[in-house]
Amino acid sequence: MEAKAQARYVRVTPMKARRVIDVVRGKNAMEALNILQFAPQAAAETVRKVLESAMANARVKADQASEAFNEDELVILEAFADEGPTMKRFRPRAKGAAGRINKRTSHITIVVGDRAAVTESKERNR
């Protein structure tokens, strides 16, 4: 079983979000929560919230399917940060010029599943 959560239009640059996501990709979900809780990066809080949401979605999916749910068996199958729209702002510079400032946004996506889903996805990719 797989469950997905997304945070869209997050005001953090995709490059900074990817730094955090790369640390937890492929790890056990509970272990990843602990890592993100103490990570010094600002994007870690948003990534942690998305991970918690994906875990909650997996719990709801399991309840609806009347399946046993064990939080400790969840693994992060996919995690990525795509680029969202960029807000363009201008700041005055010398001699009447204007300097452009790009305020970038991200779409953070995390897919969690149990260990059986990991083997299924590997077989599909062959």
Side-chain angles (χ1 to χ4, degrees):
M1 174 177 299
E2 292 183 6
K4 173 177 152 181
Q6 255 187 338
R8 302 194 66 206
Y9 307 103
V10 179
R11 263 293 288 123
V12 64
T13 66
M15 191 177 266
K16 290 178 182 178
R18 286 183 196 120
R19 272 184 59 202
V20 175
I21 289 172
D22 290 344
V23 173
V24 296
R25 186 180 292 117
K27 288 196 172 15
N28 182 300
M30 295 304 290
E31 180 185 346
L33 278 178
N34 287 334
I35 291 169
L36 292 170
Q37 186 174 357
F38 298 105
Q41 292 85 3
E45 183 180 352
T46 307
V47 174
R48 184 178 54 80
K49 286 182 180 182
V50 175
L51 177 57
E52 286 173 345
S53 178
M55 291 170 67
N57 291 344
R59 184 179 301 116
V60 169
K61 244 182 167 178
D63 288 346
Q64 288 176 346
S66 299
E67 294 180 9
F69 178 75
N70 188 358
E71 211 170 56
D72 297 328
E73 291 182 11
L74 285 179
V75 176
I76 299 176
L77 302 178
E78 293 179 44
F80 50 91
D82 294 327
E83 192 169 336
T86 301
M87 299 184 287
K88 283 125 182 142
R89 302 291 183 261
F90 293 93
R91 166 162 287 163
R93 306 303 291 176
K95 298 183 180 178
R100 191 155 113 182
I101 295 174
N102 293 326
K103 294 182 178 272
R104 300 180 190 277
T105 61
S106 308
H107 302 315
I108 299 171
T109 307
I110 295 182
V111 179
V112 295
D114 53 3
R115 298 198 189 281
V118 173
T119 56
E120 288 174 19
S121 65
K122 285 182 182 176
E123 290 173 9
R124 270 188 265 141
N125 292 336
R126 286 185 186 175

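As the structure is a prediction and not an experimental result, all values here were calculated from the model. Count residues from 1 along the sequence.
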For R19, is the CZ atom crowded, meaning more than 12 foreign heavy atoms sit under 6.0 Å from it?
no

Do R11 and M87 have side-chain heavy atoms sitting under 4.5 Å apart?
yes

Following the transitive rule for hydrophobic clusters with a side-chain heavy-atom cut-off under 4.5 Å over Ile, Leu, Val, Met, Phe, Trp and Tyr, establish whether F80 and L51 coincide in one cluster.
no

Shared ILVMFWY cluster between V47 and V23, side chains joined below 4.5 angstrom?
yes

Under a single-linkage definition using a 4.5 Å side-chain heavy-atom cutoff for Ile, Leu, Val, Met, Phe, Trp and Tyr, are F69 and I110 assigned to the same hydrophobic cluster?
yes

What distance do I108 atom CD1 and D82 atom CG have between them, rounded to the nearest 0.5 Å?
10.0 Å

Do V75 and I21 sit in one hydrophobic cluster, given that two such residues count as connected whenever their side-chain heavy atoms are within less than 4.5 Å of each other, even indirectly?
no

Just checking M15: does its CE atom have more than 12 heavy atoms from other residues, nucleotides or ligands closer to it than 6.0 angstrom?
no

Starting from the C-alpha separation in whole Å, work towards a yes-or-no answer on side chain to side chain contact (heavy atoms under 4.5 Å, CB included) for T109 and K4.
CA-CA 7 Å; T109 307; K4 173 177 152 181; 4.0 Å; yes

Enter the distance from R100:CZ to R91:CZ here, rounded to the nearest 0.5 Å.
15.0 Å

Going from OG1 on T86 to CD1 on I101, what distance comes out if it is rounded to the nearest 0.5 angstrom?
13.5 Å

Quick one: are V50 and Q6 in side-chain contact, heavy atoms under 4.5 Å?
no

Same hydrophobic cluster for I76 and L74, using side-chain heavy-atom links shorter than 4.5 Å among ILVMFWY?
yes

Report yes if the side chains of E2 and V112 come closer than 4.5 Å at any heavy-atom pair, otherwise no.
no

